[in-house]
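This report refers to the structure that appears directly beneath it.
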Amino acid sequence: MKLGVIGLPNVGKSTLFNAITQAGAQAANYPFCTIEPNVGMVAVPDKRLDVLADMYHPEKYTPTTIEFVDIAGLVKGASRGEGLGNKFLSHIREVDAVVHVIRCFEDSNVVHVDGSIDPVRDAETVNLELIFADMDTLQRRIDKNVRLAKADKKLAAEGELLGRLYAHLEKGLPARTFEADAEEKAVIASCFLLTDKPVIYVANIAEDDIGGEPNAFVKALYAQAQKEGAGCLTICARIEEEISELEPEEKAEYLQELGIEESGLDKLISTCYDLLGLMSFLTAGPKEVRAWTIEKGTKAPQAAGKIHTDFERGFIRAEVVSYADLVANGSMTACKDKGLIRSEGKDYVMQDGDVVVFRFNV
């Protein structure tokens, strides 16, 4: 999974990126500090893996990972090349989902490109630039369809669909809110539109606002996210940066002192998984304990293919036990003796936390 971190300049975007990746991206109080996108790989926290590692003492411990890309601050006119422009819009095109950081705190020491704090306006500023870029992309596709439609009726129908989508964008609405059936969505996906990507808004708050009632800025952003069908969560980027430098025991104590149940990274990852419809199955043994990320609804052969294409091609069955049953009984052997290991075929839909051994023959 690849997530692009975007936002206006000076909203705490690179500070948050530093915190969640510990990659050390430069963060400074002036626009366009981020020139090339910084990239950081983050292990997805999964306590189930820790428990399985204690059981098996494996040679390898492999959590699933997320790639975060810190993309330079966008400004009005970015779609026309203003600021650092189209170069960075292309970086957004390459990610699976967008993490849009919005400043939700006052601070006279940190400049705002528009001179005041207004989360809804800031979200719209960036969204409109992405919409303008998508309109350019769509217009080129529509023009091509018009040229070729006389020889292909299917292209004529596609052109009609893209025309309706263009009108939707003209209203200032992102492509992800356009109503379409599965076949139409496949056509739209082939356009690789920026505003078709799932979005998570991050309300970046001040340290003094942690644990209190959401301020007016945060409430406004959550309301906007709900209108768009986007995800939304609240994080203090500065605190996350401090947390990232602590040892695990110190981190737990610090979170408890602040009255925070989980770190911003944990909240962000769980929100991303929900938004993208993802889950994990597990493999465990003396050689390796590992988590594998798949889409919800994935069947056993396709899940096996995540490990190796031969597993899917020669799939025979999946021997499955729930994580809870495995931990409660201490071993696969004990689970087998109690009849808790199920033999599942090609139509089995994988469940979050399944611990699996795939049988195959090629």
Side-chain angles (χ1 to χ4, degrees), residues 1-3 39 41-68 94-97 182-183 185-186 189-190 192 197-198 266 269-362:
M1 180 161 54
K2 190 172 183 179
L3 303 177
V39 178
M41 298 297 292
V42 175
V44 174
D46 193 332
K47 292 176 183 177
R48 298 173 300 189
L49 281 188
D50 298 331
V51 174
L52 293 175
D54 286 339
M55 287 173 61
Y56 286 97
H57 306 288
E59 295 172 21
K60 285 180 70 179
Y61 175 99
T62 313
T64 190
T65 57
I66 293 179
E67 184 177 342
F68 283 92
E94 297 165 6
V95 303
D96 299 307
E183 191 176 334
K185 284 180 179 177
S190 72
F192 300 103
K197 296 180 183 297
D266 292 345
I269 288 174
S270 63
T271 304
C272 287
Y273 266 60
D274 288 343
L275 195 66
L276 294 172
L278 302 175
M279 66 179 196
S280 297
F281 73 88
L282 313 170
T283 52
K287 287 192 174 181
E288 185 179 34
V289 165
R290 183 163 183 165
W292 305 84
T293 297
I294 55 175
E295 291 184 3
K296 291 175 183 175
T298 299
K299 291 185 177 179
Q302 287 69 51
K306 288 285 288 185
I307 299 175
H308 197 285
T309 52
D310 284 350
F311 284 28
E312 182 175 359
R313 188 159 54 91
F315 179 87
I316 299 172
R317 67 181 183 276
E319 295 174 1
V320 184
V321 63
S322 73
Y323 165 79
D325 284 342
L326 177 58
V327 172
N329 290 278
S331 70
M332 292 291 273
T333 303
C335 288
K336 190 173 183 179
D337 290 343
K338 292 185 178 181
L340 296 171
I341 297 180
R342 309 185 310 277
S343 181
E344 302 287 1
K346 292 183 178 181
D347 291 329
Y348 176 68
V349 177
M350 300 292 292
Q351 302 299 308
D352 186 52
D354 278 348
V355 183
V356 193
V357 175
F358 292 108
R359 301 298 179 190
F360 69 103
N361 183 30
V362 289

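- Taken to the nearest 0.5 Å, the NZ atom of Lys2 stands 13.5 Å off from the CD1 atom of Ile66.
- Between the side chain of Asp354 and the main chain of Val356, no donor-acceptor pair closer than 3.5 Å is present.
- His57 places a side-chain N or O within donor-acceptor distance of the main-chain N or O of Asp54, the cut-off being under 3.5 Å.
- Judged as a ring-ring contact (aromatic ring centres under 6.0 Å, His included), the pairs with a partner in residues 337-362 (not counting sequence neighbours) are, in order, Phe281-Phe358, Phe311-Phe360.
- Under the 4.0 Å criterion applied to side-chain N and carboxylate O atoms, Lys47 and Asp50 are not assigned as salt-bridge partners.
- Between Phe315 and Ala300, the shortest heavy-atom distance links the atoms CZ-CB, 3.7 Å.
- Here the CD1-CG distance, from Ile269 to Leu278, works out to 11.5 Å after rounding to the nearest 0.5 Å.
- In terms of modelled atom types and a separation under 3.5 Å, the side chain of Lys306 and the main chain of Thr293 share a donor-acceptor contact.
- Cys335 approaches Val321 most closely through the heavy-atom pair SG-CG2, 3.9 Å.
- At least one side-chain heavy atom of Val95 sits less than 4.5 Å from a side-chain heavy atom of Lys197.
- A side-chain hydrogen bond (donor to acceptor under 3.5 Å, both in side chains) check over residues 315-325, counting only residues at least two apart or in different chains, returns the pairs Arg317-Glu319, Glu319-Arg359, Ser322-Asp325.
- Checked by atom type and distance alone, the side chain of Asp96 never pairs as donor or acceptor with a backbone atom of Leu3 at under 3.5 Å.
- Here the NZ atom belonging to Lys299 is positioned 12.5 Å from the CD atom belonging to Glu344, to the nearest 0.5 angstrom.
- Met279 contributes atom CE, which lies 10.0 Å from atom CD of Glu295 (distance to the nearest 0.5 angstrom).
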Let me check something: any side-chain donor-acceptor pairs from residues 283-291 under 3.5 Å, sequence neighbours excluded? List them with distances.
from   : atom 1 : to     : atom 2 : distance (Å)
Thr283 : OG1    : Trp292 : NE1    : 3.0
Glu288 : OE2    : Thr62  : OG1    : 2.6

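- Atom-to-atom distance recorded for Leu326:CG and Leu282:CG is 9.0 Å, nearest 0.5 angstrom.
- When every heavy atom of Arg48 is checked against every heavy atom of Ser280, the shortest pair comes out as NH2-CB, 4.0 Å.
- Inter-residue side-chain proximity for Pro45 and Asp266 is flagged as met; some heavy-atom pair is nearer than 4.5 Å.
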